[in-house]
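Being a predicted model, the structure only gives us computed values, none of them experimental. In this chain, residues are counted from 1 in sequence order.
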Amino acid sequence: MYGKYTHAIHAGLLLIALIAPFGIYPVFLMKMLCFALYACAFNLLLGYAGLLSFGHAAFFGLAAYTTGHVLKELGLPTPLGLALGTLAAGALGFVVGLLAIRRQGIYFAMITLALSQMVYFFFLQAPFTGGENGLQGIPRGSFFGLDLGNDLTLYYVVLGIFVAAYALIQRTVHSPFGQVLKAIKENEPRAISLGYEVDRYKLLAMVLSASLAGLAGALKSVVLQLASLGDAHWHASGEVVLMTLLGGMGTLLGPVVGAGTVVSLQNYLASSPIGAYLPAPVVLGAIFVICVLAFRRGFVGELLEVLRKSFNIR
């Protein structure tokens with residue numbers, strides 16, 4: 001599948017993305033792109049390195065707060081604010097990785113969750129975060145001369161950043177580094193026996209995943225002009241797990257589809273009378289249960305498996 005058909009699929013999706021804001025509210029699309037990037041970053045760690053993190057909201061939230069603070073309080077240019085937010089998330093990923101990668105499975109997940117909750121409570125108490133009110137009114141500024149106050153302009157900037165980040169993830173997955181990550185996921189003792197420094201590869205994957213998750217959080221704070229405690233709450237960590245599993249863990253497009261599904265349902269149920277009777281968490285929970293029972297590979301994973309068996313596409 002990721003051979004001769006890959007470029008055609010990606011080109012078609014990019015074409016749809018380019019014309020989408022003329023028919024759909026651009027801010028909604030930008031929110032979807034931010035969470036799609038967040039899910040892709042998480043999938044890099046879980047789907048390819050086999051490391052389940054329950055603390056990715058810490059990176060997402062830290063970048064959102066960092067970018068929001070430097071743009072609002074320090075008046076720095078927007079590209080520099082995005083870069084600082086991404087770097088802050090990567091630095092935190094390095095620290096969390098050093099503490100967590102020596103453990104595996106549920107122990108790794110619990111360590112990341114505990115550290116993430118520490119970050120959350122720091123944001124709750126720190127004076128510069130605005131507490132429960134969050135950082136509001138974050139200025140969008142400009143991006144190399146482009147006025148980001150215009151939703152359409154901002155959309156294409158966000159789309160460009162998402163495409164670049166997605167291309168980086170794709171290149172990483174298909175690089176020798178990505179192949180080693182897959183080997184570690186499949187059989188870590190064998191990877192060690194072949195001479196690979198497994199902890200170093202895990203740490204690099206953690207830093208890269210955290211940085212990209214931070215970039216998503218930084219973009220979200222600019223798009224919505226808000227950085228809130230919800231960005232760092234454990235619910236945000238749970239949502240990205242749900243997005244990845246629904247779309248298809250270990251597939252490149254799976255997290256994008258999963259994020260689009262979750263964000264769309266949340267938006268629809270929040271504005272629809274149905275939401276009063278069927279809250280978004282209930283609907284998403286039911287979909288997750290159905291997916292686990294009937295589509296264990298996720299939407300994209302199951303589709304790829306059907307195509308592989310039916311048309312011998314790989």
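- Between the side chain of T67 and the backbone N or O of G81, at least one donor-acceptor pair lies under 3.5 Å.
- Once rounded to the nearest 0.5 Å, the distance linking CG of L76 with NE2 of H69 reads 9.5 Å.
- Using a 4.5 Å cut-off on side-chain heavy atoms (C-beta onward), Y201 and I184 make contact.
- The only option from V222, L33, V163 that meets the side chain to side chain contact (heavy atoms under 4.5 Å, CB included) definition with V158 turns out to be L33.
- In terms of modelled atom types and a separation under 3.5 Å, the side chain of S221 and the main chain of L226 share no donor-acceptor contact.
- Looking only at distances, a side-chain donor or acceptor of T66 sits under 3.5 Å from a matching main-chain atom of L62.
- Summarising the geometry of P26 relative to P21, their closest heavy-atom pair is CG-O, 4.1 Å, with the distance given to 0.1 Å.
- A distance-only check finds a donor-acceptor pair linking the side chain of Y156 to the backbone of L18 [under 3.5 Å].
- By the neighbour-count criterion of 12 heavy atoms within 6.0 Å, atom OH of Y107 is sparsely surrounded, having that number or fewer from other residues, nucleotides or ligands.
- Screening L92, V96, L124 for a side chain to side chain contact (heavy atoms under 4.5 Å, CB included) with V119, the sole residue that qualifies is L92.
- Looking at M243 and F35, their side chains come closer than 4.5 Å, going by heavy atoms from C-beta outward.
- Residue V241 comes nearest to S53 through the heavy atom pair CG2-O, 4.3 Å, listed as atom of the first residue, atom of the second, then distance.
- Checking side-chain atoms of R140 against main-chain N and O of V223 turns up a donor-acceptor pair under 3.5 Å.
- In this structure, L204 is not a member of the same hydrophobic cluster as F42, with clusters built from ILVMFWY side-chain heavy atoms closer than 4.5 Å.
- Following chains of ILVMFWY side-chain contacts shorter than 4.5 Å, one can reach L212 starting from L52, so the two form part of one hydrophobic cluster.
- Listed for the S264 side chain is no donor-acceptor partner under 3.5 Å among the backbone atoms of T261.
- A distance-only check finds a donor-acceptor pair linking the side chain of T129 to the backbone of F123 [under 3.5 Å].
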- request: Run the numbers on M206 and L51 for side-chain contact (heavy atoms from CB on, under 4.5 Å), then give the verdict.
  value: CA-CA 9 Å; M206 186 72 173; L51 297 174; 5.6 Å; no
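- Here the shortest heavy-atom pairing between A100 and I111 reads CB-CG2, 3.8 Å.
- Summarising the local packing, CZ of F177 is surrounded by more than 12 heavy atoms from other residues, nucleotides or ligands at distances under 6.0 Å.
- A donor-acceptor pair is defined here as one N or O able to donate and one able to accept, closer than 3.5 Å; such a pair exists between the side chain of N43 and the backbone of T251.
- Across all their heavy atoms, L252 and V256 have their closest contact at O-CG2, 4.2 Å.
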side-chain contact (heavy atoms from CB on, under 4.5 Å) evaluation trace for V180 with Y48: CA-CA 9 Å; V180 174; Y48 294 98; over 6 Å; no
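- Annotation: side chain of C40 is in contact with side chain of Y166 (closest heavy-atom distance under 4.5 Å).
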- request: With side-chain contact (heavy atoms from CB on, under 4.5 Å) as the test, would you mind laying out the steps for F60 and E239 before giving the verdict?
  value: CA-CA 12 Å; F60 188 83; E239 281 184 354; over 6 Å; no
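- Connection of L99 to F121 is established within a shared hydrophobic cluster, with ILVMFWY side chains joined at heavy-atom distances below 4.5 Å, either directly or through further cluster members.
- Using modelled atom types, one side-chain atom of S237 and one backbone atom of A57 make a donor-acceptor pair closer than 3.5 Å.
- Within 6.0 Å of the CE atom in M118, the count of heavy atoms belonging to other residues, nucleotides or ligands does not exceed 12.
- Heavy atoms only, all atoms of each residue included: A89 and A63 are closest at CB-CB, 4.3 Å.
- Counting heavy atoms from C-beta outward, L115 and V95 have side chains that stay 4.5 Å or more apart.
- Side-chain rings of F28 and Y268 stay apart, their centers remaining 6.0 Å or farther from each other.
- Hydrophobic clustering of Ile, Leu, Val, Met, Phe, Trp and Tyr side chains at less than 4.5 Å, counting indirect connections, keeps I16 apart from V257.
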- request: Begin from the C-alpha positions of L13 and L253 and carry the test side-chain contact (heavy atoms from CB on, under 4.5 Å) through to its verdict.
  value: CA-CA 10 Å; L13 292 175; L253 285 176; 3.8 Å; yes
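- Closest of all the heavy-atom pairs between L71 and P77 is CD2-O, 3.6 Å.
- Taking CD1 of I101 as the start and OG1 of T112 as the end, the distance is 13.0 Å to the nearest 0.5 Å.
- Side chain of T172 to backbone of G178: no donor-acceptor contact under 3.5 angstrom is found.
- Residue L45 holds its CG atom at 11.0 Å from NZ of K185, rounded to the nearest 0.5 Å.
- In this structure, CG in L168 is found 10.5 Å from CD in Q170, a value given to the nearest 0.5 Å.
- Criterion: ILVMFWY side-chain heavy atoms under 4.5 Å apart, direct or through other members. Under it, L203 and L181 are not part of a common hydrophobic cluster.
- The line from CZ of F143 to OG1 of T78 is 8.5 Å long, rounded to the nearest 0.5 Å.
- Here OH of Y25 is found 7.5 Å from CE of M30. Values are rounded to the nearest 0.5 Å.
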